[in-house]
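First the structure, in the form of structure tokens, and then the observations on it.
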Number of protein chains: 2
Amino acid sequence: MPVPKGSTLDPERTRAAIVAAAMPILYERGLDGVGVAELCAAVGVSKETLYRHFGSKEGLIEAVLEARSERVTRWLRTAAEAAGDDPAAQLAAVFDALAGWHAEPDFRGCALLNAAAQHHGAPELDLAGRHLERRLALLTEIAARAGAADPGALARQLLILVTGCTVVADQHPTTPDAARLARQAALTLLEAAGSPRQSRDPR
Amino acid sequence: MPVPKGSTLDPERTRAAIVAAAMPILYERGLDGVGVAELCAAVGVSKETLYRHFGSKEGLIEAVLEARSERVTRWLRTAAEAAGDDPAAQLAAVFDALAGWHAEPDFRGCALLNAAAQHHGAPELDLAGRHLERRLALLTEIAARAGAADPGALARQLLILVTGCTVVADQHPTTPDAARLARQAALTLLEAAGSPRQSRDPR
DNA sequence: CTTAGATCGAACCGATCGGTACGATAACAG
DNA sequence: CTGTTATCGTACCGATCGGTTCGATCTAAG
């Protein structure tokens, strides 16, 4: 019996619905750009319900950010795996997916990074760190399977490219093709790291 | 007579002092993390004075961000020029300077990018865009003098590396050496773009 | 000394916001 | 039917914040 006592209307479902409905609003308007009252109205839920599920606005924000991190991580991994087994092809697919995201009209940068930039002290920073960690895991797999001499280092360079092109695409209107440029750079780095050519530079 | 009528205590000086004193506070605590009252107390100025000089908190923020953008731009250019004439050496010097910045205990990411992430609609986004534009100008000069086939494209890739490594250094504790990794990547890209090898990829 | 502009300090205002409390309603378990 | 639970809608509270106002004080020009 998944439902403990006598209950209905499925609190779990309600909670998930709140998270799903609040996510785009908090993303577009910013964490501090929308109050709890307006949020409840848009979500279609009363304040009491929201506070019973999440305890505070911070609690809701954390749940939304966590859900978002999981979603985008899954999405990126799916895009990579859909490109086959070749590491270079997977890497290219990752940046192509990013390019598609950046081109969406309501693109507003990475929600996790934006959140960390706003509430820098709070647990949002941990969320952002874990978010980057998940991305790093995917990139490390690709780097390792590509036979890179130092997969960890290459993966971190790729992480810098992924992060950088998303920020630039968001805030530098003169560079709308940031993902394409980053993709080209990533493939160049992948090639340079794959063949133990002149990657020597112990300093 | 630079002072119009009968005035003293130099309003210009006061204004500059406010900007200089408010800058680190707004940087460390975030634009919304400190109120006008506290800001005035820390700066050592009354509210009336602040509002006569800047009109609003937004006005102060814009002045502070503009001053910060000019300062960091000048700083980065100085670091590059101090490395001599070789483009590769200049590029390495840029990332070394970034590494030093990232290692400072009160490093909190790029103030301009953080501001744009917070007040995304307001003029802060323009400020951030112009900030990136200034950086791009420096990187374009270096890319052009390095003989890159497409200096604009290479410069934008370098901009992505600069931006990305700053964000990663701020929000990914497992990658404290982001600037070093970005430096290595930048030099690899510079070399690949210099010799017209396999940079072909018109799509 | 007189006068004008700059500054201070503190009080004050209106608005907003996060969070709580309460009575009413609807759904399901027993 | 009865009791429990989730939910709603609304009103409310305390705090904070951006911004204004005002009288007092200081400085320097004339």
Side-chain angles (χ1 to χ4, degrees), chain A residues 1-22 25-26 28-65 115 118-124, chain B residues 1-22 25-26 28-65 115 118-124:
Chain A
M1 66 291 283
V3 189
K5 273 279 200 64
S7 76
T8 178
L9 271 173
D10 215 338
E12 301 287 336
R13 202 86 71 188
T14 302
R15 181 188 166 100
I18 295 176
V19 169
I25 303 173
L26 287 172
E28 292 169 17
R29 307 261 304 267
L31 303 185
D32 296 341
V34 50
V36 173
E38 185 184 356
L39 210 42
C40 287
V43 167
V45 93
S46 71
K47 273 179 142 192
E48 182 172 349
T49 299
L50 189 145
Y51 276 99
R52 180 157 22 79
H53 279 295
F54 302 97
S56 67
K57 187 182 183 181
E58 261 291 309
L60 171 64
I61 287 176
E62 290 177 32
V64 166
L65 291 179
Q118 299 172 33
H119 301 5
H120 93 278
E124 280 89 346
Chain B
M1 63 288 282
V3 189
K5 276 281 201 59
S7 77
T8 177
L9 272 173
D10 216 337
E12 301 286 336
R13 203 85 74 188
T14 303
R15 181 188 165 100
I18 294 176
V19 169
I25 303 173
L26 287 172
E28 292 169 16
R29 308 261 305 268
L31 303 185
D32 296 341
V34 50
V36 173
E38 186 183 355
L39 209 43
C40 287
V43 167
V45 92
S46 71
K47 272 180 146 192
E48 181 170 350
T49 299
L50 189 145
Y51 276 99
R52 180 156 24 80
H53 279 296
F54 302 97
S56 67
K57 188 182 183 181
E58 261 291 310
L60 171 64
I61 287 175
E62 290 177 33
V64 166
L65 291 179
Q118 299 172 35
H119 301 6
H120 92 281
E124 281 88 345

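By convention in this document, chain letters (A, B, ...) are assigned in the order of the sequence lines, proteins followed by strands, and residues within each chain are numbered from 1.
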Item to check | Side-chain heavy-atom pair A/Arg15, A/Phe54 within 4.5 angstrom cut-off | outcome: yes
Checklist entry - Separation of B/Leu39 atom CG from D/dG18 atom P, in whole Å? => result 9 Å
Checklist entry - Do the side-chain N or O atoms of B/His53 get closer than 4.0 angstrom to the phosphate oxygens (OP1, OP2) of C/dA6? => result no
Checklist entry - Is B/Ser46 near enough to C/dA10 that one of its side-chain N or O atoms lies under 4.0 angstrom from OP1 or OP2? => result no
Checklist entry - A/Arg52 side chain N/O closer than 4.0 Å to the phosphate oxygens (OP1, OP2) of D/dT7? => result yes
Checklist entry - Contact class for B/Gly59 vs. all strands (heavy atom < 4.0 Å): base, sugar-phosphate, or nothing? => result nothing
Checklist entry - Does some side-chain heavy atom of A/Leu26 sit less than 4.5 Å from a side-chain heavy atom of A/Leu39? => result yes
Item to check | Partners passing side-chain contact (heavy atoms from CB on, under 4.5 Å) against B/His119 (at least two apart in sequence or in another chain) | outcome: B/Leu31, B/Asp32, B/Glu58, B/Ala122, B/Glu124
Checklist entry - Atom CG of A/Leu60 and atom P of C/dC17: how far apart are they, to the nearest Å? => result 16 Å
Next on the checklist: Can you tell me if A/Thr14 touches the phosphate of D/dT7, counting only side-chain N or O atoms and a distance under 4.0 Å to OP1 or OP2?
Outcome noted: yes
Checklist entry - Rounded to the Å, how far apart are A/Leu50 CG and C/dG18 P? => result 11 Å
Checklist entry - Separation of B/Ile18 atom CD1 from C/dT7 atom P, in whole Å? => result 7 Å
Next on the checklist: Quick test of your reading: applying side chain to side chain donor-acceptor pair (under 3.5 Å), list the pairs with at least one residue in residues 33-53 of chain B, sequence neighbours left out, ordered by first then second residue.
Outcome noted: B/Arg29-B/Glu38, B/Ser46-B/Thr49
Item to check | Length of the line joining A/Arg15:CZ and D/dT5:C1', which is rounded to integer Å | outcome: 18 Å
Checklist entry - Taking atom P of C/dG5 as reference, at what distance in whole Å does atom CD of B/Glu12 sit? => result 17 Å
Checklist entry - Which pair of non-hydrogen atoms, one from A/Ala22 and one from A/Val43, has the smallest distance, and what is that distance? => result N-CG2, 3.9 Å
Checklist entry - Nearest-Å distance, CG (A/Asp32) to P (D/dC17)? => result 12 Å
Distances under 3.5 Å only, N/O to N/O: pair up the protein atoms with those of nucleotides 19-25 of chain D.
| unit_1 | atom_1 | unit_2 | atom_2 | d |
| --- | --- | --- | --- | --- |
| D/dG19 | OP2 | B/Tyr51 | OH | 3.0 |
| D/dG19 | OP2 | B/Lys57 | N | 2.8 |
| D/dG19 | N7 | B/Lys47 | NZ | 2.6 |
| D/dG19 | O6 | B/Lys47 | NZ | 2.3 |
| D/dC22 | N4 | B/Glu48 | OE1 | 2.2 |

Item to check | Value in whole Å for how far the C1' atom of C/dC17 lies from NE2 of A/His119 | outcome: 13 Å
Item to check | B/Pro123 to B/Glu62 - nearest heavy-atom pair and separation | outcome: CG-OE2, 3.3 Å
